[in-house]
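Reading through the structure tokens given below for one structure.
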Amino acid sequence: MNITENRQLQQLIEQNELKIEPVLKKIEQVALFNQKKVLDAFNEIKITDADLGGTNGYGYDDSGRDNLEAVYAQVFKAEDAIVRPQVISGTHAITLALSANLKHGDELIYITGKPYDTLLEVIGVTGNGIGSLIENGVSYKDIALINDEIDIERVLQSITKKTKVIGIQRSKGYSSRKSLTVNQIGEAIQAIKAVHPHIIIFVDNCYGEFTEYREPIEVGADIIAGSLIKNPGGGLCKIGGYIAGSKDLIERVGYRLTAPGIGKEAGASLYSLHEMYQGFFLSPHVVSQSLKGAVFTSAMLQSLYMNTTPKWDEERTDLIQSVIFNDKEKMITFTQAIQMASPINSQYLPMPAYMPGYTDDVIMAAGTFIQGASIELTADGPIRAPYEVYVQGGLTYEHVKLAIIKAIEILIEKKIISL
Ligand SMILES: *Cc1c(COP(=O)(O)O)cnc(C)c1O
């Protein structure tokens, strides 16, 4: 089917789709592998329709919740997991994982440079410090990447007797570095554990789930965390986060989430389980749709002389596609067009505006079913050189294709680009 009346553009789409076909095939293979992982876990843990119902009140003996956590644990090769609607976001899940396992006098080292914006406040590097790790007596440092790789030599030199947790962020989030593959993460963990077997390795797995064959625990991570309105929610979860890892660490996270002594034993799942099960089941496929969309986006925009990372044929370990426009008007028009091609709020035009925590104005296209859900197609970036937009998600490959073509058509129509 032609998706544009512009014959030259239609030709370019067809050329690009032919070119990216082998990459899309590889993405399908990863999806099949991960779908099997998830299906096997559902079967082995023997999920029944009774598990989908949910509990109320204290939520004692919530076997649906406990079985869902067992499914997550099996899929991520962890001893235990916490998957709850009471975990309100990825930042909350990461905060629980870190603060449960760091006490007064301990040190946290992030070895992938500065972490995601919201975590700087959690640690206490920015913000007013209230309730932060630093306020609670935890010391902190981060070690910058060199050439987008973990500087393992400096990491090993920086570890002291106080070092309790090492943090690794898999996805670049909104920074300009490359994301780290599970393989790269594994190499760093091996080097650290060879000398310091007792250091806890935490991986922020946000945006990474099901993009590769393996997950971080399989290469030695002790504890991982992520958000259910990103990959593992499969586009269906309306709230939630997960933490998975070794039994003792997860027990502490449970105590931190609810109360010492209560831990994972309570916490009603209410109406969340149905979508959490179904979303996790769909996730490998939905992630593959997002990835295919990202590859298409990268290839199309590259052939229109825009600078994209990763390139269409580069290895991927998360959903984020950056596009460097080098031009303010191009960037704004593109982001607005993504909103126009969204299922929700397509009639509203996003404008650059101030956002707390950012020095420059930010523009965001987020016409999503679930507020802020970046497993759905979204695009955003700060209004400053090099005018970089982060495009991520997409519930269906078809939607991403339609949205990107619409954006290109508008750029052509406004004479901002030409074919
Ligand atoms: C999204 C994200 C977070 C935070 O998740 P929220 O759900 O937005 O709080 C943390 N780290 C990375 C790498 C992310 O992409």
Side-chain angles (χ1 to χ4, degrees), residues 82-99 108 110-123 125-127 132-133 142 145 148 150 165 167-182 184-185 202-212 215-216 221 223-235 237-244 257 276 279 283 287 290-291 294 309-310 316-322 355-358 362 364 366 368 370-382 388-393:
I82 289 179
V83 188
R84 305 279 169 123
Q86 288 86 5
V87 178
I88 65 148
S89 66
T91 302
H92 188 197
I94 294 163
T95 302
L96 291 168
L98 293 177
S99 60
L108 166 69
Y110 248 87
I111 63 169
T112 45
K114 290 214 179 325
Y116 196 75
D117 282 8
T118 55
L119 295 170
L120 292 171
E121 291 202 36
V122 172
I123 295 163
V125 177
T126 61
S132 67
L133 293 176
D142 49 54
L145 297 171
D148 288 340
I150 293 170
V165 177
I168 296 176
Q169 187 179 305
R170 177 174 175 181
S171 168
K172 63 182 171 181
Y174 299 131
S175 71
S176 51
R177 68 157 165 108
K178 281 190 178 154
S179 297
L180 288 167
T181 62
V182 172
Q184 284 175 300
I185 291 171
F202 164 75
V203 176
D204 171 355
N205 207 27
C206 281
Y207 277 137
E209 299 91 352
F210 298 134
T211 58
E212 292 196 52
E215 299 290 340
I223 184 166
I224 62 174
S227 162
L228 267 53
I229 65 167
K230 293 182 180 172
N231 308 20
C237 288
K238 298 187 188 73
I239 194 168
Y242 78 89
I243 306 102
L257 170 67
M276 282 185 176
S283 176
V287 166
S290 293
L291 285 173
T309 26
R316 283 168 194 267
T317 187
D318 66 13
L319 302 189
I320 301 180
Q321 180 64 51
S322 355
M355 284 259 302
Y358 294 85
V362 175
M364 289 190 166
T368 55
I370 288 152
Q371 190 191 98
S374 40
I375 183 71
E376 299 181 52
L377 180 62
T378 48
D380 41 67
E388 186 168 18
V389 176
Y390 300 91
V391 189
Q392 59 269 310

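For the numbers below, each heavy atom of this structure counts, side chains included, while hydrogens, waters and symmetry mates do not. Predicted, not measured: the structure shown is a model, and the values here were computed from it. Each ligand, and each atom within it, is numbered from 1 in the order the structure gives.
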* How about Ser227 and Ser89: do any of their side-chain heavy atoms sit closer than 4.5 Å? -> no
* **Residue among Asp204, Leu108, Ile223 satisfying side-chain contact (heavy atoms from CB on, under 4.5 Å) with Leu98** => Leu108
* Which heavy atom in Ser322 sits nearest to a heavy atom in Lys172, and how many Å separate them? -> OG-NZ, 2.6 Å
* Partner of Arg170 by side-chain hydrogen bond (donor to acceptor under 3.5 Å, both in side chains), out of Thr112, Asp318, Asn205, Thr181 -> Asn205
* Tell me the residues surrounding ligand 1, counting only those with a heavy atom closer than 4.0 angstrom, sorted by chain and number. => Ser89, Gly90, Thr91, Ile94, Tyr116, Gln169, Asp204, Cys206, Tyr207, Ser227, Lys230
* Asked: Which heavy-atom pair separates Pro232 from Ser283 by the least distance, and what is that distance?
  -> CA-OG, 3.5 Å
* Do Asp142 and Lys114 sit within salt-bridge range, that is, some charged N less than 4.0 Å from a carboxylate O? -> yes
